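Nothing here was measured: the structure is a model prediction, and the numbers come from that model.
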Amino acid sequence: MIRLKGLDLLALGFMTFALFLGAGNIIFPPSAGLAAGHSLWLAALGFLLTGVGLPLLTVVALARVGGGMDRLTAPLGRGAGTLLAVAVYLAIGPLFATPRTAVVSFEMGVAPFTGNAAIPLFVYTVLFFAATLFLAINPGQLVNRVGKFITPVLLAALLVLGGAAVFAPAGDIGTTAESYRNGPLLKGFLEGYLTMDTLGALVFGIVIATAIRDRGVSEPALVTRYSMIAGAIAALGLSLVYLALFYLGATSQGIAGEAQNGVQILTTYVQHTFGTTGSLLLAVVITLACLTTAVGLTTACGEFFSGLMPVGYRTVAVVFTLFSLLVANQGLTQLISVSVPVLVGLYPLAIMLVALSLLDRCWVSPSRVFIPVMAVTLVFGVADGMSAAGFTDLVPVVFTRLPLAAQSMGWLVPVLVTLAIAFAVDRLLGQRRLAS
């Protein structure tokens, strides 16, 4: 029986950290920190709950069931489970997240030197996705290529940037924006959606398990244990990065008070602190972070769809990479505007799927609980997504009057009520069956 040594586990943890650390993980914390101001720590805590806590729980849930999303969605039935998995994989893959890694890395790392024009973007995205495909085409080498070589360089660059944010802030912590004055914890919680890390964890779980098995580990209990260790290492690293970037944003109001997004905040800060050298450092950090995430997403989608359809892994990887290339060249603004409503609709489903899976020992018949709870989550999640997209006229008034509806969390109370009813019915029917 093969066991991984300490350095191998560390490399596995570094690989997991690098898979998660992508575009959203770097651009959204500074923006949230800038707006949070003196409410920095409450907002950061909320952000950590969805940006770190939920992804870690998702990795744990996948490790416990010993597989990918198909195991988590089994109580929903094959059809419903497959549809949910396809929606998550497409959102986290070629439709939104993978193209975003290329566009954000271009705008932050390359555009300051070349200009934000169509031709430089096209040339960069071609090179970016060529590198992505090269690294993803042999998924068994992910630990060696990413965990042992790319991630240490990425970590060194992040240490410099994070250290500068903490020990050389651009100013004092600024004032709190209107959006964060009432309920900064909840606002930070919702901002954590934008990282897509919980959805990413649903697809990265199988990548992590595959990487462990490719190292010769075949014992299911060890695969589960090593997956949890890798997730914990990644969670610690992400927490430190988020806190440093939150602080960077909160102390940058004096130099970037008019910034519209995290890209502008980071660019302004590194130029202020390091000059041209800082811009080059930022280019390295962003490019490596986005590249490793793109590799992980392409690998996960290739593994999933090649198992779902009679198509080889390499074919899926090539097709999805080319599609991501096309979407990336539509621009970042359009990508974000389309992705936010989709995330608002999908995230409640992901949260409840993970929660119900972790509580599996509480259910007599998982299907009796999963099906009604996930169905209600879908209905109210879609309503919140439509509201976030601006289609409020199409949403029934009753949905807009629910508690937390204004914060895009109107699904929470109906889902909890449904869960309580489903739990009671499940126990009642289970007791009747035992009695009979």
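Residues that satisfy the salt bridge (Lys or Arg N to Asp or Glu O under 4.0 Å) test with Arg314, not counting sequence neighbours, are absent from this structure. With sequence neighbours left out, Thr298 forms a side-chain contact (heavy atoms from CB on, under 4.5 Å) with Thr98, Thr132, Ala136, Ala317, Thr321. Judged as a ring pair (Phe, Tyr, Trp, His ring centres under 6.0 Å), and not counting sequence neighbours, Tyr247 has no contacts. Under the rule for a side-chain contact (heavy atoms from CB on, under 4.5 Å), the partners of Ile229 that lie at least two apart in sequence or sit in another chain are Leu9, Arg225, Tyr226, Ile233. For Leu359, the side-chain contact (heavy atoms from CB on, under 4.5 Å) partners are Cys362, Trp363, not counting sequence neighbours. The side-chain contact (heavy atoms from CB on, under 4.5 Å) test applied to Ala383 returns Val395, Phe399, not counting sequence neighbours. Taking the salt bridge (Lys or Arg N to Asp or Glu O under 4.0 Å) definition, one finds that Glu178 meets it with Arg181, sequence neighbours left out. Evaluation of the side-chain hydrogen bond (donor to acceptor under 3.5 Å, both in side chains) rule for Thr125 yields Asn329 as partners, not counting sequence neighbours.
The side-chain heavy atoms of Leu402 and Leu412, taken from C-beta on, include no pair separated by under 4.5 Å. The shortest distance between side-chain heavy atoms of Val369 and Leu419 falls below 4.5 Å. Two residues are said to be in side-chain contact when any heavy atoms from C-beta on lie closer than 4.5 Å; Phe370 and Ser357 meet this criterion. Taking 4.5 Å as the limit, some side-chain heavy atom of Leu84 sits within range of a side-chain heavy atom of Met374. You'll find the side chain of Tyr180 reaches within 4.5 Å of the side chain of Glu191, heavy atoms only. Looking at Val241 and Asn25, their side chains never come closer than 4.5 Å, going by heavy atoms from C-beta outward. At least one side-chain heavy atom of Val223 sits less than 4.5 Å from a side-chain heavy atom of Ser227. Contact of the Leu245 side chain with the Leu266 side chain is registered, since non-hydrogen atoms from C-beta on lie closer than 4.5 Å.
Val327 and Leu95 get closest at one heavy-atom pair: CG1-O, 3.7 Å. For the pair Ala328 and Leu121, the tightest heavy-atom approach, listed with the atom from each and the gap, is O-CD2, 4.1 Å. Here the closest heavy-atom approach between residue Cys301 and residue Gly93 is recorded as SG-CA, 3.8 Å. A pairwise comparison of heavy atoms in Leu326 and Gln330 identifies O-NE2, 3.2 Å as the closest pair. Scanning both residues, Ile208 and Ala230, for their nearest heavy atoms gives CG2-CB, 4.4 Å. The two residues Ala201 and Leu62 make their nearest non-hydrogen contact at O-CD1, 3.2 Å.
Aromatic ring centroids of Phe320 and Phe305 lie under 6.0 Å apart.
The distance from the CG atom of Leu40 to the CG atom of Leu45 is 11.0 Å, given to the nearest 0.5 Å. The distance from atom CE of Met196 to atom CZ of Phe20, rounded to the nearest 0.5 Å, is 14.0 Å. Within the model, atoms CG of Leu202 and OG1 of Thr58 stand 5.0 Å from one another, a figure rounded to the nearest 0.5 Å. Between atom OG1 of residue Thr299 and atom CG of residue Leu135 there is a gap of 8.5 Å, rounded to the nearest 0.5 Å. To the nearest 0.5 Å, atoms CG (Leu404) and CH2 (Trp411) are separated by 10.0 Å. With rounding to the nearest 0.5 Å, the separation of CG in Leu56 from OG1 in Thr16 is 11.0 Å.
For residues 262-274, the set of pairs meeting the side-chain hydrogen bond (donor to acceptor under 3.5 Å, both in side chains) definition, not counting sequence neighbours, comprises Gln271-Ser279. Pairs engaging residues 87-110 under the ring-ring contact (aromatic ring centres under 6.0 Å, His included) rule: Tyr89-Phe304, Phe106-Tyr124 [sequence neighbours left out]. Residue pairs meeting the salt bridge (Lys or Arg N to Asp or Glu O under 4.0 Å) criterion with at least one member in residues 346-362, sequence neighbours excluded: Arg64-Asp360.
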Cut-off 3.5 Å, no hydrogens considered: what does the side-chain donor-acceptor table look like for residues 346-354, sequence neighbours left out?
| residue | atom | partner | partner atom | Å |
| --- | --- | --- | --- | --- |
| Tyr347 | OH | Asp197 | N | 3.3 |
| Tyr347 | OH | Thr198 | N | 3.2 |

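Judged purely by atom type and a 3.5 angstrom limit, Asp384 uses its side chain to pair as donor or acceptor with the backbone of Gly410. For Gln253 (side chain) and Thr175 (main-chain N/O), a donor-acceptor pair under 3.5 Å exists by modelled atom type. Between the side chain of Thr251 and the backbone N or O of Leu248, at least one donor-acceptor pair lies under 3.5 Å. Distance alone, capped at 3.5 Å, is enough to place a donor-acceptor pair between the Thr176 side chain and the Ala36 backbone. Put simply, the side chain of Thr293 never gets that close to the backbone of Cys290: no donor and acceptor are under 3.5 Å apart.
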Carefully, step by step, assess Leu358 and Leu57 under the rule side chain to side chain contact (heavy atoms under 4.5 Å, CB included). CA-CA 8 Å; Leu358 289 173; Leu57 290 177; 3.9 Å; yes
Please test Phe47 against Tyr242 for ring pair (Phe, Tyr, Trp, His ring centres under 6.0 Å), starting from the C-alpha separation and ending with a verdict. CA-CA 8 Å; Phe47 193 94; Tyr242 289 156; 5.1 Å; yes
Take Trp41 and Leu243, measure what side chain to side chain contact (heavy atoms under 4.5 Å, CB included) needs, and give me the verdict at the end. CA-CA 9 Å; Trp41 302 117; Leu243 290 173; 4.1 Å; yes
Verify side chain to side chain contact (heavy atoms under 4.5 Å, CB included) between Leu343 and Leu199, making sure each step is shown before the conclusion. CA-CA 9 Å; Leu343 292 178; Leu199 299 182; 3.6 Å; yes
Could you walk me through whether Met409 and Leu190 pass the side chain to side chain contact (heavy atoms under 4.5 Å, CB included) test, one step at a time? CA-CA 9 Å; Met409 290 192 67; Leu190 293 172; 3.5 Å; yes
